[in-house]
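In what follows, a structure is listed as structure tokens, so that the remarks can point back to it.
Here is how names work: the chains are called A, B, and so on, in the same order as the sequence lines, proteins then strands, and each is numbered from 1.
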Amino acid sequence: MLELIKKNKKTKQRSGQLTTRNGVIQTPFFMPIATKGAVKSLAPEDLKALGAQIILGNTYHLWLRPGTEIIKKAGDLHKFMNWPGPILTDSGGYQVFSLGEKIKKGFVKLSDEGVEFRDPIDGQKYWLTPEKSVEIQLALGSDIIMVLDECPPYPASREQVERAVKRTTEWAARCKKYFDKKVSKKKNRPLLFGIVQGGVHKDLRQQSAQELLAIGFDGYAIGGVAVGEPRKYLKTVLEAVLPLLPQDKPRYLMGLGKPEEIVAAVEAGIDMFDCVIPTREARHGKLYIKNSGAKGFYKTINILNSKFAKDFTPLDKSCGCYSCANFTRAYLHHLFKVGEPLSLRLATIHNLKFYLGLMEGLRK
RNA sequence: GUGGUCGUAGCUCAACGGCAGAGCUCUCGGUUGUGGUCCGAGCGGUUGUGGGUUCGAAUCCCAUCGACCACC
């Protein structure tokens with residue numbers, strides 16, 4: 001499944017090829033986020049031109065709208081959105097976390113059986129279980145399916161984290177059982193990934209990893225590391241978990257991160273990333289610029305700043321993406337100021353190129 | 001020409017005798033498995049002008065300038 005081609009002797013960094021039923025992906029890699037069936041503001045042609053190998057879709061959002069019936073009628077999510085390449089789907093587990101406030105207020109009910117959500121738009125109730133999550137992801141035609149997990153908030157008491165680890169393991173086992181029942185022995189089967197929880201506690205992280213390893217998955221994700229905890233714990237978590245994971249299975253660090261965090265995680269032995277940073281920040285005018293100085297390998301600019309109004313240079317002279325090859329900072333500044341939708345596309349293309357280029361460099 | 005309404009931040013307006021405020025704009029931050037065109041902070045005033053009444057006036061009175069409305 002994961003064929004390692006290169007390993008760094010000094011660090012734990014590795015590169016290789018991950019085979020999915022929809023194509024081979026060079027690792028390590030970054031997945032642009034297409035929550036509701038589109039990388040916001042981009043068309044599949046843009047993603048291809050950028051060299052995106054795989055994108056991430058979201059079970060929760062696509063379940064609510066348009067729903068699995070419509071996507072099934074289209075064939076699957078690939079056909080529906082005209083993206084033939086690999087797709088990883090998140091399970092809806094993160095929503096269990098992000099709806100935390102509403103859980104406290106009783107709007108959302110969380111139990112061992114599953115989670116009861118309410119559609120924020122029309123108020124309709126939805127009942128998400130580990131089995132249901134896998135069922136939806138199979139219906140979407142996902143190539144990498146994530147188990148439903150419980151991602152505790154930070155800060156959380158040790159008892160809360162212990163409960164989340166226990167529930168995550170139980171849910172992972174139920175996902176695996178349901179998955180095997182539905183796709184066992186089938187050729188062209190998608191991959192199923194487990195998710196390690198355990199907060200900032202080294203022993204709970206290791207316990208979680210070992211319980212998942214006993215069940216057996218095609219890959220292992222580390223979740224709950226982008227939920228507000230201080231960054232210093234990232235190193236602790238990676239050092240605790242990664243040595244336990246098999247070399248021939250991909251490791252996925254969920255939700256990260258800033259460029260320097262990704263570099264550090266790759267050096268620690270991570271193969272897969274997803275993050276809203278490049279796309280979301282692009283839509284708010286924050287652009288990533290390569291830097292060769294002593295202050296780090298990149299900097300960011302806010303294209304909305306007035307100093308760019310008369311700056312007729314490319315966004316980044318050394319970039320060469322579609323936006324940099326054809327437009328100036330002054331033009332993009334103007335597009336943002338007047339709210340032209342093209343601003344979102346040009347900025348998103350540029351930031352994704354920065355992230356995807358970063359990954360390309362890390363593979364060499 | 002006569003009568004009336006109204007002039008407060010760049011814009012739209014609030015405060016109607018007791019510390020001149022809000023939204024937008026503007027300037028600058030933030031965003032980590034996307035419920036996000038979002039969130040936060042800051043700049044910005046001789047209340048059209050000139051007098052008067054009052055302990056105190058954006059607020060009441062007089063004059064004046066300007067805008068708008070109605071009637072001649």
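Looking at A/T279, its side chain comes within 3.5 Å of the base of B/U34 through a donor and an acceptor atom. Applying the 3.5 Å distance criterion, the base of B/G33 shares no donor-acceptor pair with the side chain of A/N58.
Along RNA chain B, the nucleotide nearest A/G93 and the nucleotide nearest A/P341 are compared for position; the residue whose nucleotide lies closer to the 5' end is A/G93. Residue A/M146 is the one, among A/L344 and A/M146, whose nearest nucleotide of RNA chain B lies closer to the 5' end (criterion: closest heavy atom).
Checking A/N302 against A/H284 by side-chain atom types alone, no donor-acceptor pair falls below 3.5 Å. In this model, a donor atom of one side chain and an acceptor atom of the other lie less than 3.5 Å apart for A/D149 and A/Q197.
For B/A57, there is no paired base (Watson-Crick or G-U wobble, both distances below 3.5 Å). Summarising the base pairing, B/G66 is matched to B/C6 through a Watson-Crick or G-U wobble pair whose two defining distances lie under 3.5 Å.
Judged purely by atom type and a 3.5 angstrom limit, A/S208 has no side-chain atom pairing as donor or acceptor with the backbone of A/L204.
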Evaluation steps, side-chain contact (heavy atoms from CB on, under 4.5 Å), between A/F217 and A/F193
CA-CA 5 Å; A/F217 290 95; A/F193 278 34; 5.7 Å; no

Show your working on side-chain contact (heavy atoms from CB on, under 4.5 Å) between A/I222 and A/Y252 and close with a plain yes or no.
CA-CA 6 Å; A/I222 297 174; A/Y252 168 24; over 6 Å; no

Take A/F117 and A/Y60, measure what ring-ring contact (aromatic ring centres under 6.0 Å, His included) needs, and give me the verdict at the end.
CA-CA 10 Å; A/F117 294 104; A/Y60 169 79; 5.0 Å; yes

Protein heavy-atom contacts under 4.0 Å, written 5' to 3' over nucleotides 25-32 of chain B as B (base), S (sugar-phosphate only) or - (none), form the string -SSSSBBB

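A/E340 comes within 4.0 angstrom of nothing in the nucleic acid, heavy atoms only. Residue A/L253 is out of contact with every strand shown, counting any heavy-atom pair closer than 4.0 Å. Residue A/G339 is classed as having no contact, given no heavy-atom separation below 4.0 Å to the nucleic acid.
Relative ring orientation between A/Y154 and A/Y233 is described as tilted, the plane-to-plane angle lying within the 30° to 60° band.
Comparing the same atom, P, in B/G48 and in B/G66 gives a spacing of 16 Å after rounding to whole Å.
In the hydrophobic cluster analysis, where Ile, Leu, Val, Met, Phe, Trp and Tyr join through side-chain heavy atoms closer than 4.5 angstrom, A/V237 is grouped apart from A/V161. Note on A/I195: it clusters hydrophobically with A/I136, by side-chain heavy-atom contacts below 4.5 Å among ILVMFWY residues.
Within residues 17-30 of chain A, no residue is approached by RNA chain B to less than 4.0 Å at the level of any non-hydrogen atom.
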